[in-house]
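So the structure is just underneath, and the comments pick up after that.
Counting from 1, the numbers follow the sequence of the chain as shown. Both ligands and their constituent atoms are indexed starting at 1 by order of listing. All values below come from the heavy atoms of this structure, side chains included, with hydrogens, waters and symmetry mates left out.
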Amino acid sequence: MLMPNYNRLEIVFSEGNGCRLSDQHGRHYLDMISGIAVCGLGHAHPAVAAAIHYQADRLLHTSNLYRIELQEKLAAKLVSISGMDAVFFCNSGSEANEAAIKLVRLHAHEQGNEKPLIASMQQGFHGRTMATWSATKPDDKHYAPLLAGFRQIPYADIDSLKALIKSEDNLAAVILEPVQGEGGIRIAPDDYLSAVRELCDQYNLLLILDEVQSGVGRTGRWYCYQHSGIEPDIMTTAKALGNGVPIGACLAKKEIAQLFQPGLHGSTFGGNPLACRAAIAVLETIEKDKLCQQAAKIGDYLLTNLKKKLSSENIREIRGRGLMVGIELAKLYPNIVSTALKYGLLINLTAQSVVRLLPPLILTENEADEAIEKLSAAFADIEKNEQA
Ligand code: PMP
């Protein structure tokens, strides 16, 4: 028996191909959520399948007691696409953020700040381990006592950060998502990110950008901060990096990365040959097939046509960046996900009232049209039932 920590839909998928999934009964679905931004290359991508197969036939795991050439190769690739200097590999987004938080503390201690604080953002999400949950929901009582050292401020509000800097001498870092995913596809304006960067430089704060959901091409660049021309000190990535093979990474600039001296951090599975081989295949495919550009282009198409065809008084706003799209509803429609499912469409509802679309980067215009049609039908169904 499973612990009851998930609210699952009554559906069992047996196979996938591209943007399509089929269930046990042979019904087909258009996948507009990609396992929560994980399967960026879609399902059963031949390059990823071949990489996994090749590696499984040779070597799955040796541990970080030894050099792992595939890890070094993947690190070099990640460094070259991100502008960061060094990489620590782990197995999830939460773990990548844990590493980031630890690096901040090491860095602050080195500077004589023994009780460093990290600013995090309201409606942000950084994971469910104790440290990342403390950054996400510092006031949550379920797991009290949470980790101390986090101060939350409103997102995309530079004055709140300025006020926090004034009031907290021990502030050491800021963590934020360039687009808040779980928080309802809230997009930080580019000038906000550059203003945060400036304040961090001015007050000697580290900037951690959590790109766990927005990274690996999803917003139309490898990493979303690349739209704004700034660089973080620490960046975290996971989800789509392995297209379904668990892998996460924390990247940092040299001076910060070197603080992880032997023994200070680690992971048994982190960066094992299987995960690294899969991630290399993912990054090479995105590059070869120009999928960052594709995500930008098809994202624009999807957004424009959603706005054209879906606007109704029940929709407050449709917003997106690349293939992170949110449809904010004017009222609560908890049934929208199950109604869309009847039409063979997989979507997700987040922050209570935002329909979230995170399709594979390989989505075609025809598939985007089909998703909009199915979504319109689902909305029409719900509205009809409301009036009845
Ligand atoms: N950061 C962000 C921005 C996320 O969206 C998520 C997952 N939704 C996480 C961190 C946590 O990742 P994981 O579930 O892989 O630990």
Sidechain-backbone polar pair: [X] side chain, [Y] backbone, donor-acceptor under 3.5 Å:
X: Glu98; Y: Ala131; answer: yes
X: Ser120; Y: Ala135; answer: yes
X: Asn243; Y: Leu41; answer: yes

Heavy-atom count check: over 12 atoms from other residues, nucleotides or ligands less than 6.0 Å from [X] [atom1]?
X: Arg67; atom1: CZ; result: no
X: Glu168; atom1: CD; result: yes
X: Asn7; atom1: CG; result: no

Counting from 1, what ligand 1 atoms have a heavy atom of [X] closer than 4.0 Å?
X: Ser94; result: 11 (C), 12 (O), 13 (P), 16 (O)
X: Val212; result: 1 (N), 2 (C), 4 (C), 6 (C), 9 (C), 10 (C), 12 (O)
X: Gly93; result: 12 (O), 13 (P), 15 (O), 16 (O)
X: Glu177; result: 3 (C)
X: Ser92; result: 15 (O), 16 (O)
X: Gln213; result: 5 (O), 8 (N)
X: Asp210; result: 1 (N), 2 (C), 3 (C), 10 (C)
X: Asn97; result: 1 (N), 10 (C)

* Structure fact -> Closest non-hydrogen atoms of Leu345 and Met32, given as atom of the first, atom of the second and distance, are CD1-CG, 3.7 Å
* Is Lys239 in contact with ligand 1, taking contact as a heavy-atom separation below 4.0 Å? -> yes
* Asked: Nearest protein heavy atom to atom 2 (C) of ligand 1, by residue and atom, and its distance?
  -> Phe125 O, 3.3 Å
* **Output field: ring centroids Phe89/Phe269 closer than 6.0 Å** => no
* At under 4.0 Å between heavy atoms, which part of Glu95 makes contact with ligand 1: side chain, backbone, both or neither? -> neither
